[in-house]
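What follows is a single structure, written as structure tokens, with notes after it.
Fair warning: this is a prediction, and the values are worked out from it, not measured in the lab.
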Amino acid sequence: MAGSKEIRTKIKSVQNTRKITKAMEMVAASKMRKAQERMRAARPYSEKIRRLAANLSQANVTEYRHAFLGRTKAAVVARVGLIVVTTDKGLCGGLNTNILRQALNNMRQWEADGATDIRVTCIGNKGLGFMQRMGANVISHITHLGDTPHLEKLIGPMKVMIDAFQAGELDAVHIAYTRFVNTMKQEPVIEPLLPLSGERMGTPDRSWDYLYEPDAQTVIDELLVRYVEALIYQGVAENMASEQSARMVAMKAATDNAGSVIKELQLVYNKARQAAITKEISEIVGGAAAIAG
């Protein structure tokens, strides 16, 4: 059994760790509320522009056809782009592990289905490090986004992937992020981003005809750029809300576990102290008996 001094040192160390995890839990709880408010505020716009883009993908536009609206569907999607959204920091449970595992499984499935060129854009330090270790073809990335998503920071790396699609270098683009469900549940999802198909919101029951002012090209170009920006921004906002929720839950679990460890160590310390006292009493009694004899 370890000595009393060594056990006291362990107890002090765990107590210090518990203070840190408790502080991180409180900070994450504060940030979580702000992240959830930001994410929920962006959802109506994101969902509306998704629906509008889905309708546009089925519209009878004869005078202009944007590259985002799809090309002739190939038998095999040989060139795929993937935008992976993760966190910059760890200590948030299995959040990053789950989305990266799903992204890796999808990449392997695409390769099995005949994909020969998979390009990756990483948003977040954890995803960047993982993809580099796996030898993925990372064509752009951004890290250190902070606690608030800024669209102007996302446009640069995002444009590299979008330009590749517009130039015909990619057949499809997907986005992988963690969708916020509630404080205790976050869901990793990989959604098709380009070309537009209406799958996310459901294909409209009938074709739509629009009147464009000043002209179809100007309106559609602006709308579809907004569509891509909105979906990527929403994915980052959802991921940040999920991150703070997962970190709060993980730090609470760590704090509770530290409390359990302290109780166990305190019990061991009490037993060791009792054993030492019993030993001392036995030595005193034995010494007194020897003197008396």
Will you find, in the side chains of [X] and [Y], an N or O donor that is under 3.5 Å from an N or O acceptor?
X: Thr183; Y: Ser245; value: no
X: Thr87; Y: Asn96; value: yes
X: Asp113; Y: Gln109; value: yes

Min side-chain heavy-atom separation [X]-[Y] under 4.5 Å:
X: Val181; Y: Gln186; answer: no
X: His141; Y: Pro157; answer: no
X: Ile11; Y: Ser13; answer: no

query: Between Glu191 and Arg179, is there a side-chain N and carboxylate O pair less than 4.0 Å apart?
result: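 A salt bridge is present here (some side-chain N lies under 4.0 Å from a carboxylate O).
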
field: salt_bridge(Arg33, Glu37) N-O dist < 4.0 Å
entry: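 No, this pair does not count.
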
Cluster link Ile7 to Ile277, ILVMFWY, side chain under 4.5 Å: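 Hydrophobic grouping puts Ile7 apart from Ile277.
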
task: Report whether Met240 and Tyr45 are members of the same hydrophobic cluster (ILVMFWY, side-chain heavy atoms less than 4.5 Å apart, transitive linking).
output: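 Yes, because Met240 and Tyr45 connect within a single hydrophobic cluster, where side-chain heavy atoms sit under 4.5 Å apart.
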
- request: Under the side chain to side chain contact (heavy atoms under 4.5 Å, CB included) rule, collect the residues that match up with Thr255, sequence neighbours excluded.
  value: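 For Thr255 the side chain to side chain contact (heavy atoms under 4.5 Å, CB included) partners, ignoring immediate neighbours, are Arg18, Thr21, Lys22, Glu25.
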
query: Ignoring hydrogens and geometry, is there a side-chain-to-backbone donor-acceptor pair from Thr278 to Gln274 under 3.5 Å?
result: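 Present.
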
task: Give a yes or no on whether the backbone of Thr178 and the side-chain of Asn239 come within a donor-acceptor separation of less than 3.5 Å.
output: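 Yes: the side chain of Asn239 pairs with the backbone of Thr178.
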
query: Which pairs count as salt bridge (Lys or Arg N to Asp or Glu O under 4.0 Å) when at least one residue sits in residues 142-151, sequence neighbours excluded?
result: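 Only Lys31-Asp147 qualify under salt bridge (Lys or Arg N to Asp or Glu O under 4.0 Å).
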
query: Per the side-chain contact (heavy atoms from CB on, under 4.5 Å) rule, which among Thr143, Asp88, Leu145 passes with Ile123?
result: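 The side-chain contact (heavy atoms from CB on, under 4.5 Å) with Ile123 is passed solely by Leu145 among Thr143, Asp88, Leu145.
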
task: Take atom CZ of Arg273 as the centre, draw a 6.0 Å sphere, and report whether it contains more than 12 heavy atoms from other residues, nucleotides or ligands.
output: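 Atom CZ in Arg273 is not crowded, with 12 or fewer foreign heavy atoms closer than 6.0 Å.
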
